[in-house]
Every structure is written in C-alpha cells, then in structure tokens.
A.B. asks: 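Below is a structure I'd like to ask you about.
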Amino acid sequence: MKINTVVVIGAGTMGQGIAQWFAQQNLIVEMVDQNFEFALMSLDRIHQSFDKLQAAGKLSSSDVTIFKKNLSVKKLDGIDGNADLVIEAIIEDLDVKKKIFKDLDMTMSKYTIFASNTSSFSITQMAQSVSSERKQNFLGLHFFNPATIMKLVEVINGLETNPEISSSLIEWFNDRSKVACLCSDSPGFIVNRIARNFYGEALRAAETFDEVKFREIDKVMREVGGFKMGPFELMDLIGIDVNYSVTDSVYRAFFDEARFKPHRLQKDMVAAGRLGKKTGKGFYNYET
Amino acid sequence: MKHNVQSNHNNIMVVAHPDHPLYMELIQHYNVRTIDEAVNSFDTYELIIDLSALRTQKKFLFLKELAKTTKADIISDLTLCWGEWILKYSPQVKASVSTLFYSPTNAFEYSLRDSSDLLTEKHIANFAKTINQEMINHKNLGLCFHYPRTIAMIVNEAYFALGEKLATATAIDLAMKNGVNYPLGPIEWGEKIGLQNIAQLLEELSTITRDERYKLSTELKLQAFKYL
C-alpha cells in the first residue's frame with residue numbers, strides 16, 4: 001500500500017498528534033479544523049514539539065526542516081481531493097461526523113480511504129453517510145494519546161469494509177513502528193472496553209468517597225499489579241467526566257450490561273465539579 | 001506430602017497445594033502440607049501460614065477444623081474469600097494475605113486483624129523475604145483483596161471479547177500493552193494466574209454480592225475447566 005498524502009480533520013489533541021506522527025513518516029499532511037485559527041495554533045504547537053525534539057537530540061535539524069515542510073493547514077474546501085487517506089478526529093458527535101464524511105465523499109477521489117478516530121461510535125453506522133463504493137474504503141483507525149508516542153492503532157473493520165484495505169493498513173503501520181491490531185466493530189473496541197473494569201472494580205472496592213482507600217488501592221495496583229498508575233490517580237489525570245462519559249457510552253452500547261455499569265461515585269464527582277487534576281480536585285486534592 | 005526443609009522454619013507449617021504459584025519456592029524453606037495433612041497433623045507449630053485456595057465457606061470450615069488441632073496463630077490466604085467475614089468468625093486468624101494471584105512485581109497484599117500486632121507483621125515480613133516477595137499492607141480487607149478482584153474482571157472481559165471474536169488473543173494482549181501500558185496482556189496474565197483461580201474468585205464475588213457484573217465469560221469457563 002502506498003500512502004503519500006494524508007488529510008487530518010480536527011486539530012484538537014488527537015488530530016494534532018496524528019498529524020504530527022504522519023508528518024514524521026515523511027508524508028504530506030494537511031490539517032483541517034472548522035476553526036482555522038485554532039488549526040494554525042495546533043500547527044505552531046507541532047512545530048514547537050519538533051524544535052524540542054531537535055533540542056533533545058531526538059531529531060536532526062534536517063529532519064525537522066522536512067517534517068515542518070510536510071505539514072500544512074488547509075480549509076476543508078482547499079484539501080487535496082486525491083489524498084490517499086482522510087482521518088477524522090473531531091468531537092464525538094455522530095451527526096457532525098456523518099455530515100463531514102458525506103461532504104467529503106462528494107469531493108474526494110473514489111480511491112481515498114476514509115477513517116475515523118472515534119473511540120465510541122460504530123464504524124458501520126458512520127459509513128452509512130457515504131456511497132456504497134466508499135463503504136469498502138471506510139474503516140476505523142483509533143490512535144491513543146499521545147499519538148506520537150503510544151504505539152497502538154486499533155484498526156476497525158465495519159461490516160462493509162474491504163478486509164484487504166485493513167490488512168494492508170495494518171502492515172503499513174507495523175512497518176512504521178506502530179502496533180496495529182485488527183478488531184471488529186464493537187463498542188469500545190479493544191482497549192476502551194477491556195480497561196473499563198480497571199476503574200469500575202476499583203470504584204466498587206472503594207464504595208464511597210474515602211481518600212485513604214483511594215491511596216491504598218492505587219498503591220496496590222502499582223506495586224502488586226505493576227500498573228504505572230493506580231485507577232484513581234489515572235481517572236484524575238484523564239478527567240473523571242471523560243472517564244464517566246466513556247463508561248456510560250460503553251454501558252449503553254451494550255444495552256445496560258452490568259459489567260459496564262458506571263458507579264454512583266463517578267456521577268457524584270462529576271456533579272460536584274471534582275473532575276480531577278484539571279479542576280484542582282478529584283479523588284485527590286491538587287490545590288496547594 | 002513432606003519435604004526436607006532446608007532452613008530454620010521448623011516451627012512453621014505452610015498449607016498449600018502443588019498448584020499454588022509459589023509452591024516450588026515454599027517447599028524449599030517450609031514444612032508444606034496439604035489441607036488434609038494439615039488437619040490430621042499432630043506436630044506442634046508456633047505459626048501456621050495457610051495458603052490454601054478455598055472460597056469463603058470451605059475456608060471457614062477448614063480453619064475451624066484446623067483450630068481443633070492447634071492453638072497456633074494463623075495467617076491465612078483469603079484471596080478467594082470475603083475476608084472480613086472470615087476474620088470475624090475465625091479468631092485464630094491474625095492476618096490475611098493474598099499470594100494466590102501471580103504478581104508481575106513479585107508482591108502480595110496483606111492485612112492485619114490488629115494493626116498494632118507487630119509480631120504477626122514480623123512473621124509476614126520474614127515469610128515475604130524468604131520467598132523473595134514484597135509485601136504491601138492495607139487496612140481495608142473487603143472482598144477478595146484489591147488486585148485479584150480487579151485483574152480478574154479485566155481478564156474476564158478479555159475472554160468475553162475473545163468469545164465474541166472481537167479480536168485475536170494476540171491482538172488483545174498487544175492492544176492493552178501498547179494502548180494503555182499494561183505490564184502484561186490480559187490473556188497472558190490470566191494464564192499466569194490460572195483461569196480456575198479467576199473463575200473461582202468471580203464466582204465468589206457473584207455469590208456474595210449477587211451482582212450480575214461478576215458473571216463468568218463462557219469462553220473463560222470453557223478454558224478454565226478444560227483440564228478437569
């Protein structure tokens with residue numbers, strides 16, 4: 001498979017990371033956001049990241065020059081219609097995603113592969129917004145944050161995805177230091193589903209708001225389980241609202257399956273505005 | 001099943017079966033007995049370290065039988081038990097440990113009945129040192145310890161996913177290691193712990209809580225009992 005040009009839709013944290021990673025693979029990358037100024041700021045942040053990597057001796061000056069040249073910010077109506085791959089990484093709103101894919105379907109080459117970085121929506125459902133022909137070239141490519149560092153890419157086949165496309169993409173990613181794993185189109189895919197009970201079970205062990213218990217459980221999971229962070233400190237880092245939202249989404253998508261049921265404590269924390277590090281308070285207090 | 005003990009732990013009896021993950025280490029240092037041997041033993045010990053893999057009810061009955069033959073203090077592995085219940089009704093148990101589930105860091109949880117009981121804590125420290133393990137104390141014993149119940153749920157979900165053909169076992173392991181930095185993939189983790197231990201723990205949680213979240217994946221059940 002040859003990929004020369006990639007369009008990344010959405011210049012938030014994930015879009016920015018994905019765009020940077022592709023630029024570092026020596027591909028031409030066009031980054032798009034509905035807010036053009038925001039996309040320019042993201043481009044600036046990527047440039048700063050390249051400069052830091054150069055200063056740390058991880059990239060050469062010639063690499064940085066090439067990578068910066070590979071990246072540009074475009075408006076949606078100015079992207080290369082013959083790009084090999086389009087990756088959508090916008091907010092988790094199914095209607096907005098479907099509209100973007102529908103619009104792109106009318107302007108992009110029939111050979112362009114469409115991919116979504118969604119962590120929660122069905123690829124098959126999203127592909128209903130494009131033509132029958134395009135559905136074969138439509139799949140999920142789920143990156144993990146930070147996309148430049150985390151190796152995993154979940155490659156998700158929708159019901160009508162041509163398996164040869166996903167197989168070729170897996171090979172392509174694996175040749176470029178990523179670990180691409182094929183999975184079927186099921187809520188949460190692999191990671192967001194299996195990781196749910198790292199948090200869910202810890203919440204049930206804690207039962208109520210009790211910082212002593214949170215510390216105890218975190219310590220055990222790090223020092224006995226070998227996890228880099230305990231569940232409560234990790235929820236504080238991710239954002240308790242974000243974690244609760246993913247749990248709730250998987251729970252609903254599995255038709256209220258008890259294994260995924262969110263815990264009352266998560267809901268209470270969100271209601272109280274204790275969202276974790278970003279608000280200064282979560283399961284732990286970060287205010288000095 | 002008696003073994004020649006190579007160190008000075010003659011005053012300690014360890015109860016464990018050959019399928020315990022630390023068995024090979026244990027028999028090098030301790031008088032290791034099976035459950036049946038332990039309740040029929042006429043030897044006198046100062047301390048009994050019970051590492052039998054029993055669920056709450058059977059553990060309680062075993063400890064009750066053991067109490068008829070000895071006045072020794074007992075440190076008991078309550079990985080598959082409702083620990084608080086056992087402590088309440090088995091007064092000879094001075095502390096609980098959780099050694100049954102493989103730990104990638106070679107560590108185990110323990111909890112003292114009385115947090116000021118320094119002698120029992122010293123016994124646990126000596127035991128941990130002897131078998132080359134670290135020990136992590138906590139005060140909230142609860143159900144089936146923290147690490148075992150959490151990892152059991154993660155492994156169970158991986159088997160649900162496997163049963164639904166969400167991805168291959170290799171892909172599941174790779175995804176969890178490379179997407180969220182797990183030290184082991186859940187399938188390989190489950191194999192190291194032993195799927196029968198995972199199944200027993202979840203069944204115990206299900207029995208005690210009556211919560212459907214602890215139902216076993218059919219795939220895990222199939223794999224766990226395939227050698228029986």
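We name chains A, B, ... by the order of the sequence lines, and we start the count at 1 in each one.
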A.B. asks: Hey, could you give me the CG/CE distance between B:N181 and A:M150, rounded to the nearest 0.5 Å?
C.D. replies: 4.0 Å

A.B. asks: Above 12 or not: heavy atoms from other molecules or residues under 6.0 Å from CD of A:Q128?
C.D. replies: yes

A.B. asks: Between the side chains of B:E157 and A:R193, is the shortest nitrogen-to-carboxylate-oxygen separation below 4.0 Å, so that they form an ion pair?
C.D. replies: yes

A.B. asks: Check the surroundings of atom CD in B:E212: do more than 12 heavy atoms from other residues, nucleotides or ligands lie under 6.0 Å from it?
C.D. replies: no

A.B. asks: State the CZ-OG1 distance between A:F227 and B:T150, to the nearest 0.5 angstrom.
C.D. replies: 8.0 Å

A.B. asks: In Å, rounded to the nearest 0.5 Å, how long is the span from NZ of A:K151 to NZ of B:K177?
C.D. replies: 13.0 Å

A.B. asks: Under 6.0 Å from the CD atom of B:Q57, do we count more than 12 heavy atoms belonging to anything else shown?
C.D. replies: no

A.B. asks: Does any backbone or side-chain atom of B:F145 lie under 4.5 Å from a heavy atom of chain A? Answer side chain, backbone, both or neither.
C.D. replies: neither

A.B. asks: Checking heavy atoms, do the side chain of A:R204, its backbone, both or neither come under 4.5 Å from chain B?
C.D. replies: both

A.B. asks: Give, for atom CD1 of A:I217 and atom CZ of B:R149, the distance between the pair rounded to the nearest 0.5 Å.
C.D. replies: 8.0 Å

A.B. asks: Could you label the plane-to-plane angle of the A:F198 and B:Y182 rings as parallel, tilted or perpendicular, counting under 30° as parallel and over 60° as perpendicular?
C.D. replies: tilted

A.B. asks: Let me know if B:P186 has heavy atoms under 4.5 Å from chain A in its side chain, its backbone, both or neither.
C.D. replies: side chain

A.B. asks: Sort B:L143 into side chain, backbone, both or neither according to what part of it lies under 4.5 angstrom from a heavy atom of chain A.
C.D. replies: neither

A.B. asks: Can you give me the closest heavy-atom contact between A:C181 and B:A171, atom names plus distance?
C.D. replies: SG-O, 3.6 Å

A.B. asks: Given a strict heavy-atom distance threshold of 4.5 Å, which part of A:F143 is in contact with chain B: side chain, backbone, both, or neither?
C.D. replies: neither

A.B. asks: So do the side chains of B:M153 and A:R196 get within less than 4.5 Å of each other, counting heavy atoms only?
C.D. replies: no

A.B. asks: A:A202, A:A180, A:A205: which one forms the most heavy-atom pairs within less than 4.5 Å of chain B?
C.D. replies: A:A205

A.B. asks: Which one wins on heavy-atom pair count under 4.5 Å against chain A: B:A167, B:A158, B:P183?
C.D. replies: B:P183

A.B. asks: Given a strict heavy-atom distance threshold of 4.5 Å, which part of A:V179 is in contact with chain B: side chain, backbone, both, or neither?
C.D. replies: side chain

A.B. asks: Which heavy atom of A:V191 sits nearest to which heavy atom of B:M176, and what is that distance?
C.D. replies: CA-SD, 3.7 Å

A.B. asks: How about A:N197 and B:R213: does a side-chain donor come under 3.5 Å of a side-chain acceptor?
C.D. replies: yes

A.B. asks: Kindly determine whether A:L152 and B:L174 satisfy side-chain contact (heavy atoms from CB on, under 4.5 Å), including the steps that lead there.
C.D. replies: CA-CA 8 Å; A:L152 180 65; B:L174 279 172; 5.8 Å; no

A.B. asks: More than 12 foreign heavy atoms under 6.0 Å from CH2 of B:W189: is that the case here?
C.D. replies: yes

A.B. asks: Please classify the contact of A:E257 with chain B as side chain, backbone, both or neither, using a heavy-atom distance under 4.5 Å.
C.D. replies: side chain

A.B. asks: To the nearest 0.5 Å, tell me how far B:E164 CD sits from A:C183 SG.
C.D. replies: 12.0 Å

A.B. asks: Go through the atoms of B:E134 and report whether side chain, backbone, both or neither lie under 4.5 Å from a heavy atom of chain A.
C.D. replies: neither

A.B. asks: B:Y147 and A:E223: side-chain donor and acceptor closer than 3.5 Å?
C.D. replies: no

A.B. asks: Which residue out of A:A206, A:A258, A:S186, A:G200 racks up the most heavy-atom pairs below 4.5 Å with chain B?
C.D. replies: A:A258

A.B. asks: Quick one: pull up SG in B:C144 and CD in A:E201 and give me the separation to the nearest 0.5 Å.
C.D. replies: 9.0 Å

A.B. asks: Counting only non-hydrogen atoms closer than 4.5 Å, does A:I190 touch chain B with its backbone (N, CA, C, O), its side chain (CB onward), both, or neither?
C.D. replies: both

A.B. asks: Between A:A195, A:P231, A:G225, which residue shows the highest count of heavy-atom pairs closer than 4.5 Å to chain B?
C.D. replies: A:G225

A.B. asks: Spell out, as yes or no, whether a donor-acceptor pair under 3.5 Å connects the side chain of B:S103 to the backbone of A:V224.
C.D. replies: yes

A.B. asks: If you count heavy atoms of other groups shown closer than 6.0 angstrom to NZ of A:K278, is the number above 12?
C.D. replies: yes

